[in-house]
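In what follows, a structure is listed as structure tokens, so that the remarks can point back to it.
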2 protein chains.
Amino acid sequence: MTTDVVSSMRPLRADAVRNREKILAAAATVFANRGLDATLDEIALEAGVGVGTVYRRFPDKDVLVAALFENSIDEIATLALSAYESENSWEGLVWFMREALSRQCSNKGLRDVVISTTYAEQLKDSAKSRISPALQKLIERAQHDGYLRTDVVEADFPIMEMMISSLGCVTSQLAPDLWRRYLTIMLDGLVVSRDAPTQLEGFPNGDLVAEALRASSRHARRSEGSKELLRDDCQGS
Amino acid sequence: MTTDVVSSMRPLRADAVRNREKILAAAATVFANRGLDATLDEIALEAGVGVGTVYRRFPDKDVLVAALFENSIDEIATLALSAYESENSWEGLVWFMREALSRQCSNKGLRDVVISTTYAEQLKDSAKSRISPALQKLIERAQHDGYLRTDVVEADFPIMEMMISSLGCVTSQLAPDLWRRYLTIMLDGLVVSRDAPTQLEGFPNGDLVAEALRASSRHARRSEGSKELLRDDCQGS
DNA sequence: GGATAAACGGAGCTACTTTCTCCACTTGCA
DNA sequence: TGCAAGTGGAGAAAGTAGCTCCGTTTATCC
């Protein structure tokens, strides 16, 4: 199950086990906030261990990413199955989208795993082969019941999720629930017919997104206040 | 108007003028395909001139970007005004979104200018101050006429455009019109009430988006076949 | 409590990228 | 024909990310 060297040879020393946990915890935090762009150096820093220790435990980033997101990916597959248990087919579909998206929007790392093509490819393939058929069933049922428009197909859903989570990740710090607004609009567009719009949640502050984009692009380069701190440190030429 | 040194001193030599045009044309192509991540070296290559020439004409990337996209940005502002001339307020709004998005989805550079916070900031600020009020009027009219749901505000629109263009740019090579599908769904969600869904255009091939993502992330690193070409050129160690 | 293999930390090496400069050479034009 | 204007592109400068190496520390076993 675990993709590293634990089980094969003699057991890890107690301190090594402790550090391994610290690294996983740190990776969870760092990847969630900064996405998969985060370096193993950053994770080592967050974990309070040296980089060497990280690389000894996880030979490369892919192994660490796989170890971390195995569960989250599995969880999404499970959501698709659970959604089918809902009595109302439309409610089931909506619930699935909301749950899946709330995970991806609050965790930039998870979103990157789902979107990107550089990490954990096989993890995704296996997840996809479980999610697709379940989603397919959800969709067919909602269409059969006359809720979901009949001109959408299974492939549309990952695409719509991608669009919404691209916003969700950008605004996760400043307006963590903003994405729900646009999911609601999309869902109102997916329903076959309705008399009135579904009440929108949240509210988009005018410059909020501009600010969020600025913050997220700044964040992506270096962590927040590093430049100011440096300026204080190195005086003179 | 032009942000570089043309008008101030004595006129440019004829060959310099020619090169300047070549550079602008090359930049238009390269930025459109690869986005603003493209380096001035790439543009020089495409233009068939040396990097030095590019840097002599355009002191830095920001000046070149501003020179190139001034018109495109202006054009979008003009669209918002023209849309108000449509008799039907809903049609006007829809037309504006379609036109604005078709520009951003077919030109990754333009999308980057609109989204990113690293280039042409003042260009965007001036554009925004023209677009926002016009869009505001479009929205109010469509709401007043009972087409557009009343719980959306002006700030929602740039956000929705961002979500859709994020898809549009990724699939611009493999399925250039795919984004229209999701715009249609969103618009069906924005309308106050309707009996049936609007017919969707296009069709999402199952693995198309996965493929597009792979292509675009590969594209982002190096241009397509460069590695293979290099291998042929330099034989031996 | 001492021996020893395991684990640790983090400086620093490698490899790569991007922006931009510099200067020996070429060319348009008066 | 002379020379300022223009050119090309190697390479300097400044980064970044990934990973290794090795002197030091520490858990564990006897």
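Per chain, numbering begins at 1; letters A, B, ... match sequence-line order. These numbers come from the heavy atoms of this one structure, side chains and all, not from hydrogens, waters or symmetry mates.
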Quiz item: With a 4.5 Å heavy-atom cut-off, do B:Tyr182 and B:Pro204 have their side chains touching?
Solution: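 Yes; the side chains approach each other to less than 4.5 Å.
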Interatomic distance, [X] [atom1] vs [N] [atom2] [rounded to whole Å]:
X	N	atom1	atom2	value
B:Phe58	C:dT19	CZ	P	16 Å
B:Ile23	D:dG9	CD1	P	13 Å
A:Tyr55	C:dG12	OH	C1'	14 Å
B:Asp15	C:dT26	CG	C1'	10 Å
A:Leu12	C:dA5	CG	C1'	14 Å
A:Glu42	C:dG10	CD	C1'	16 Å
A:Arg34	D:dT16	CZ	C1'	12 Å
B:Arg56	C:dT21	CZ	C1'	11 Å

Quiz item: Closest nucleotide of DNA chain C for A:Gly48 versus for B:Ala14: which of these residues is on the 5' side?
Solution: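 Nearest nucleotide further toward 5': that of A:Gly48.
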Practice problem: Map B:Gly52 and A:Lys22 onto DNA chain C by nearest heavy atom, then report which one ends up closer to the 5' terminus. | Solution: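 Comparing both residues, the 5'-ward one is A:Lys22.
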So, are [X] and [Y] salt-bridged, with charged N and O less than 4.0 Å apart?
X	Y	value
A:Asp177	A:Arg180	yes
B:Arg181	B:Glu201	no
A:Arg130	A:Asp74	yes

Can you tell me if [X] touches the phosphate of [N], counting only side-chain N or O atoms and a distance under 4.0 Å to OP1 or OP2?
X	N	result
B:Thr53	D:dG8	yes
B:Asn19	D:dG6	no
B:Arg57	D:dT7	yes
B:Arg20	D:dG6	no

Quiz item: Under 4.0 angstrom, heavy atoms only, what part of the nucleic acid is A:Asp41 near: base, sugar-phosphate, or nothing?
Solution: base
Quiz item: What about A:Arg13, does its side chain sit under 3.5 Å from the base of C:dA6 through a donor-acceptor pair?
Solution: yes
